[in-house]
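Could you have a look at this structure, given as structure tokens, before my questions?
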Amino acid sequence: MKSVNISQGESRKSVLVTGGAGFLGSHLCEQLLARGHEVICVDNFFTGSKRNVEALLDNPRFELMRHDVTFPLYLEVDEIFNLACPASPVHYQHDPVQTTKTSVHGAINMLGLAKRVGAKILQASTSEVYGDPSVHPQREEYWGNVNPIGIRACYDEGKRCAETLFFDYHRQHGVRVKVMRIFNTHGPRMHPNDGRVVSNFIVQALTGVDITLYGDGSQTRSFCYVDDLIDGALRFMDTGDDVVGPINIGNPVESTIRELAELIIQMTGSRSQIVYRPLPSDDPLQRCPDITLARETLGWEPKVALRQGLAHTIEYFDRLLSGATA
Ligand code: NAD
Ligand code: UDP
């Protein structure tokens, strides 16, 4: 069912979130429901889980559907947030062919749906489209430096092809698109075994095992807290049809991975030792978003500092590991 007016000037929309049972998707579903919308959450539960949206299941405006976005989907909706795709290197390299299919066939199917019903559609793209960047910090005009045949290519090139499809559906068919380039984000409901650096380090620190630093730890990332990220996504979706992006959404405060390890050890009071492991191939050496465009276009910038965000994420994993419900 498409939108209905719920009060003066306010419109309840029917919103599809693909990958809605994942880390970011579950927070997005929550925020959309809090704004009074109808939410259809589509997921094949490859990396996400019902548990992430358990608290939403009793809400009559929430619907959970098991579906793989590489197959067509017929629904009537006003807006689509296309998040379905494994996001951590360990998960997306597990079945790389399926990763590319999810990005590319998933984009084609969701864009086809948007075209048929006239919905707005936002793509969860990624800083990985910049590859191992030779321009720093990364601005949206930078075309990137991606190895097309490496082990990260299934994700990087899949997401780049999805961006191409979004812009071609926009130019060729007039589909209302928004392309958001997400930089490393952390927070509650990250998968404890997804191999991403924040979850790995926190779980290792809390369980007292060695902290695995890949390379010499001098590579950099910039970590955004999930609430800031979702705020950016919602603001972007609410912009006019002329705002298509791509727009970087991330926290421009950059840290080395060694600094992150030391901060997590300090914040958890852990006795874990840092051990060095080989740097995986094509691992980007530096990454930091230039968010000028997001500031100017969306009036958005992150509000949660790294230490504050990590405190929430540590608390989440502490509860999870002690067996308490998440
Ligand atoms: P996640 O793995 O927690 O969520 C992805 C969700 O997509 C999972 O619930 C998974 O089951 C689902 N999914 C995977 N393949 C599917 C398919 N074929 N059909 C239906 N559902 C499928 O990851 P996340 O961190 O929440 O990432 C969400 C999106 O944001 C992804 O598209 C990712 O590329 C993008 N992104 C995330 C980050 C980050 O730091 N978290 C950074 C850049 C981009
Ligand atoms: N990393 C690390 N130890 C780990 C996991 C990751 O040193 O246990 C490093 C990884 O090599 C990369 C950075 O942390 O340089 C971020 O990795 P992540 O997998 O979180 O995301 P990426 O930004 O590489 O996609």
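Computed over heavy atoms, backbone and side chain alike; hydrogens, waters and symmetry mates excluded. Both counts, for ligands and for their atoms, begin at 1 and track the order of listing.
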(message) What I want to check is whether the side chains of Gln138 and Ser127 have a donor and an acceptor closer together than 3.5 Å.
(response) no
(message) Does only the side chain of Asn200 get under 4.0 Å from ligand 2, or the backbone, or both, or neither? Count heavy atoms.
(response) side chain
(request) Please identify which atoms of ligand 1 are closer than 4.0 Å to at least one heavy atom of Ala21. (result) 9 (O)
(request) For the residue pair Asn82 and Thr18, confirm or rule out a side-chain donor-acceptor distance under 3.5 Å. (result) yes
(request) May I ask you to check whether Thr313 and His186 show a side-chain donor-acceptor distance below 3.5 Å? (result) yes
(request) Examine the proximity of ligand 2 to Arg287 and report which part, side chain or backbone, both or neither, has a heavy atom under 4.0 Å away. (result) side chain
(request) Provide the number and element of each atom of ligand 1 under 4.0 Å from a heavy atom of Gly22. (result) 3 (O), 4 (O), 8 (C), 9 (O)
(request) Assess the side chains of His136 and Glu254: does a donor N or O sit below 3.5 Å from an acceptor N or O? (result) yes
(message) For the residue pair Asp132 / Asn145, report whether a side-chain donor-acceptor contact shorter than 3.5 Å exists.
(response) no
(request) Enumerate the atoms of ligand 1 whose separation from the nearest heavy atom of Phe45 is less than 4.0 angstrom. (result) 11 (O)
(message) Checking a contact table here: which protein heavy atom is nearest atom 13 (C) of ligand 2, and how many Å away?
(response) Ile257 CD1, 3.7 Å
(message) Tell me the contacting part of Ser125 for ligand 1: side chain, backbone, both, or neither, using a 4.0 Å heavy-atom threshold, strictly below.
(response) backbone
(request) Indicate, as side chain, backbone, both or neither, the part of Arg152 found under 4.0 angstrom from ligand 2 when only non-hydrogen atoms are considered. (result) side chain
(message) At under 4.0 Å between heavy atoms, is it the side chain or the backbone of Gln219 that contacts ligand 2, or both, or neither?
(response) side chain
(request) Would you kindly specify which portion of Ile182 sits under 4.0 Å from ligand 1, judged on non-hydrogen atoms: side chain, backbone, both or neither? (result) both
(message) Can you tell whether the side chains of Glu157 and Arg160 come within less than 4.0 Å, N to carboxylate O?
(response) yes
(request) Give the single entry among Tyr92, Phe183, Tyr214 that approaches atom 1 (N) of ligand 2 most closely by any heavy atom. (result) Tyr214
(message) Check Glu38 with Arg12, please: is the shortest side-chain N to carboxylate O separation under 4.0 Å?
(response) yes
(message) Tell me whether ligand 1 is touched by Arg196 - counting only heavy atoms on the residue side and a distance under 4.0 Å.
(response) yes
(message) Side chain, backbone, both or neither: which applies to Ile211 and ligand 2 if a contact is any heavy-atom pair less than 4.0 Å apart?
(response) neither
(message) For Pro89, state whether at least one heavy atom is located under 4.0 Å from any atom of ligand 2.
(response) yes
(message) I'd like to know whether ligand 1 has Arg181 as a neighbour, heavy-atom separation below 4.0 Å.
(response) no
(message) The test is side-chain contact (heavy atoms from CB on, under 4.5 Å); show your working for Val129 and Val146 and say whether it passes.
(response) CA-CA 7 Å; Val129 300; Val146 173; 5.8 Å; no
(request) Classify the contact between Lys159 and ligand 1 as side chain, backbone, both or neither, using a heavy-atom distance cut-off of under 4.0 Å. (result) side chain
(message) Please check if the number of heavy atoms outside His94 that lie under 6.0 Å from its NE2 is greater than 12.
(response) no
(request) Below 4.0 angstrom from a heavy atom of His67, which ligand 1 atoms are there? Numbered from 1 as shown, please. (result) 19 (N), 20 (C)
(request) With heavy atoms under 4.0 Å as the rule, classify the contact between Tyr155 and ligand 1 as side chain, backbone, both or neither. (result) side chain
(message) Looking at ligand 1, would Tyr92 count as a contact under a 4.0 Å heavy-atom criterion?
(response) no
(message) I'd like to know if Asp68 contacts ligand 1, where contact means a heavy-atom distance under 4.0 Å to any ligand atom.
(response) yes
(request) Taking the six-membered ring for Trp and the full ring for Phe, Tyr or His, determine whether the centres of His191 and Phe23 are under 6.0 Å apart. (result) no
(message) Closer than 3.5 angstrom, by distance alone: can the side chain of Lys178 be matched with the main-chain N or O of Thr239 as a donor-acceptor pair?
(response) yes
(message) Just to be sure I'm reading this right: ignoring hydrogens, which of Thr126, Asp283, Asp194, Val197 gets closest to atom 10 (C) of ligand 2? Compare them by their nearest heavy atoms.
(response) Asp283
(request) Would you kindly say whether Asp194 and Ser199 are connected by a side-chain donor-acceptor distance under 3.5 Å? (result) yes
